[in-house]
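Here the structure comes first, spelled out in structure tokens, and everything after it is commentary.
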2 protein chains.
Amino acid sequence: MDQRVKKKATIYDLSVLSGSSPSTVSAVLNGTWRKRRIKESTAQTILGLAERHQYTTNLQARGLRRSRSGLVGLMLPVHDNRYFSSMAQTFEGHVRSRGQCPVVVSASRDPEEERRTAETLISYSIDQLFIVGATDPDGVHEVCESAGLKHVNIDLPGAKAHSVISDNYEGARMLTEAIIHHFGNDDPLRPDELYLFGGRNDHASRERIAAFHATKKALLGADPEDGVQSSGYSPDITLRAFEVFYQRHGKLPRALFINSSINMEGLLRFMAGRPAEMFSELVVGCYDYDPFGSFLPFPVIMVRQNVEAMIAKAFALIDEPTTPPQSFLITPELIQPRSALKGPLDTLKDMA
Amino acid sequence: MDQRVKKKATIYDLSVLSGSSPSTVSAVLNGTWRKRRIKESTAQTILGLAERHQYTTNLQARGLRRSRSGLVGLMLPVHDNRYFSSMAQTFEGHVRSRGQCPVVVSASRDPEEERRTAETLISYSIDQLFIVGATDPDGVHEVCESAGLKHVNIDLPGAKAHSVISDNYEGARMLTEAIIHHFGNDDPLRPDELYLFGGRNDHASRERIAAFHATKKALLGADPEDGVQSSGYSPDITLRAFEVFYQRHGKLPRALFINSSINMEGLLRFMAGRPAEMFSELVVGCYDYDPFGSFLPFPVIMVRQNVEAMIAKAFALIDEPTTPPQSFLITPELIQPRSALKGPLDTLKDMA
DNA sequence: TTGAAAGCGCTAACAA
DNA sequence: TTGTTAGCGCTTTCAA
């Protein structure tokens, strides 16, 4: 009632009010009082007072003293992407259930920014760092290492810390195979009718491209050299790649392997303003899953990475004592066209 | 070289090494040294030492002392959604450019969780809080208010703090009109052929529903009572609404107003496993923009909320001195089917 | 131009 | 069963 914009209550205030010492108040308030053998009644008094005065722990002070903050970091390449944002969602659930506070930040796929971001988080004494899709995981590792911060790579592997990654080779193999099998025997796909767009020189792309080549060769008997159009992780660069291709060949390939949903957006940009019929015969495989992407006007086979399993494994790894760095593969799932799957949000309670 | 997992350097270490006092070191390191009239040479020495010993400020200590942390909070309903994750992306850019550290967390559209989350962030002495789409903005306000924390509502308005919201009425009016106009004069839409799915009893939904009714009446001359199927912000509840509708009428309406991309996912779930032809005549308006949603096999007119403008306005408001709470409307944009627009990520530098 | 000293709010020995 | 005390690393008067 009286507490307008008054200063927040501290353990000293409660100490005075309760007639106990600050350390007793502290123990009661942070839950260590049972093992400090503090009388039940003393505890209750203090708890009551805390309640009435709306006491909340100053977590910066606690953090300073304990030299850890209760914050757990997740560093993403970007927020604005279903794959990464579902990581964030899943991550949050895990952190919350451990009574800690999730902090999600992005670092724009820039090695410099990645290191700076890690450094900043370390300055806040975060307890653990989950590094997703880092351009330079080992650079970030150095920073964490020298601060004694536990960390783990997700999605893109590093050489110096544990990594949990999608089985990109197997995923791309399944996807390539599915694309090829999508064409019947009466009108089979020719090797020069299947192109891969997107990706750059990172581990994931290399694996996917390798599997793409191998599978093409195995199933179609050949694999023309120019079957891969690298275009980074950028819709516009991918768009340009499609434009160039189209200009050169006068048409799109019959079948596309698209490296990620980001590159897939490049295809959308290419489609915009062009007649829908131009794409009516197209078959697409996309390494990433997006429910809307699954219902485009042509068959889109997608690969869903197992975010829940990856995050769970990452938490398991970060908790265990340090062992030599290892990579753990999580098998992704092939998703047939026109599938609307549940996501992390479906586990939240629905309120109408 | 020598610094293995050694403890981090502090201003005291540098103080000893440089022969200056801790306060001098502090001033040099936090940039206030010019106005403290510290000799250039002293500063350089200290800066050099800091560099060599990889000094980084302990932000918890600074935060404790200054009683603010340099952290700026963004509280979202959920991460896993393009609208909200593009908010996060845009927000990050703003915060970074101010030299602060963004902290993005979600609160699951649960009033209790919203308040707890705000409280936690306050315990870390965050400097400002941006509250997006809160179920109970005024509840969160109480918490912020009594901690003297500057805050602003986004997307869903509160009565007690400034709010920046999408002009839901105007957006829904445009959308409803566009849906109706999409049907030519030779086969015009009848009032009982246009239904709204999704939404619940929040400000945004009420506005949208009001505009939907008014526009229907204005353009179609009538508006049957049962034209609105509330189904919250949940794909599965929306799915069930479609199933119920379908069972009762033996078909879908010719035209749909879908309240959000989340409800749109409910429509996708309804589509899954049903023949594509069933939807070939459908016309949909969706309040939210998603590039993949824009290319579904039937016309989808979308409304894109102006995230950049909303965030920018929110920052402007939170900085200015406190004035009586006010709501600011940001006009959204109607997006024609088959549009692939740029997002916040397009401004990041592309690397191939 | 610089230093001494107090203290932000909390925790954790150690004493009592 | 509880209190005293010494910091965690930094900022900020105030004094020199």
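We name chains A, B, ... by the order of the sequence lines, and we start the count at 1 in each one. Hydrogens, waters and symmetry mates are skipped; everything else that's a heavy atom, side chains included, is used.
- For the pair I46(A) CD1 and dG3(D) C1', the interatomic distance rounds to 12 Å; values are reported in whole Å.
- Checking dG3(C), dT11(C), dG3(D) against the side-chain heavy atoms of S20(A) singles out dG3(D) as nearest.
- Checking the phosphate oxygens (OP1, OP2) of dC10(D), no side-chain nitrogen or oxygen of S26(B) falls inside 4.0 Å.
- Ring-centre distance between F130(A) and F315(A): below the 6.0 Å cut-off.
- For dT2(C), neither phosphate oxygen OP1 nor OP2 lies less than 4.0 angstrom from any side-chain nitrogen or oxygen of T24(B).
- Distances shown here put a side-chain N or O of N30(B) below 4.0 Å from the OP1 or OP2 atom of dT11(D).
- Going from atom CZ of R37(A) over to atom C1' of dA16(C) covers 15 Å, rounded to whole Å.
- In this structure, R34(A) pairs ionically with E40(A), as a charged nitrogen and a carboxylate oxygen lie closer than 4.0 Å.
- Comparing dA12(C), dC8(C), dC8(D) by their closest approach to the side chain of R66(A) singles out dA12(C).
- For the OP1/OP2 pair of dG3(C) and a distance below 4.0 Å, the side-chain nitrogens and oxygens of S21(B) include at least one atom meeting the criterion.
- With rounding to whole Å, K35(B) atom NZ is found 16 Å from dT1(C) atom P.
- Side-chain atoms of S23(A) and base atoms of dT4(D) include a donor and an acceptor less than 3.5 Å apart.
- Annotation: of the two residues near DNA chain C, T32(A) and K39(B), the 5′-most nearest-nucleotide partner is K39(B).
- For the pair R116(B) and E113(B), the salt-bridge criterion is met [side-chain N within less than 4.0 Å of a carboxylate O].
- Between the C1' atom of dC10(C) and the CG atom of N58(B) lies a distance of 14 Å, rounded to the nearest Å.
- The shortest distance between the side-chain N/O atoms of Y55(A) and the OP1/OP2 oxygens of dC10(C) is below 4.0 Å.
- Put simply, T42(A) has a side-chain N or O that comes within less than 4.0 Å of OP1 or OP2 on dT2(D).
- In this entry the distance linking CG of L64(A) with P of dC10(C) reads 12 Å, nearest Å.
- The pair R109(B)-E114(B) fails the salt-bridge criterion, with no side-chain N (NZ, NE, NH1 or NH2) lying under 4.0 Å from an Asp/Glu carboxylate O.
- With hydrogens and angles left out, the side chain of R36(A) and the base of dG3(D) share a donor-acceptor pair within 3.5 Å.
- Taking the charged nitrogens against the carboxylate oxygens, D319(A) and R98(A) do have a contact shorter than 4.0 Å, which makes a salt bridge.
- Separating the NZ atom of K7(B) from the P atom of dG9(D) is a distance of 5 Å, rounded to the nearest angstrom.
- Taking atom CH2 of W33(B) as the reference point, atom P of dT11(D) lies 16 Å away to the nearest angstrom.
- Not a single donor-acceptor pair, N or O on each side, falls under 3.5 Å between the base of dC8(C) and the side chain of Y12(A).
- Residue R65(B) places its side chain closer to dC8(C) than to any other of dC10(C), dT2(C), dC8(C).
- Using cut-offs of 30° and 60° for the angle between ring planes, the H141(B) and H151(B) rings count as tilted.
- Atom pair I11(B):CD1 and dG3(C):P shows a separation of 12 Å (rounding to whole Å applied).
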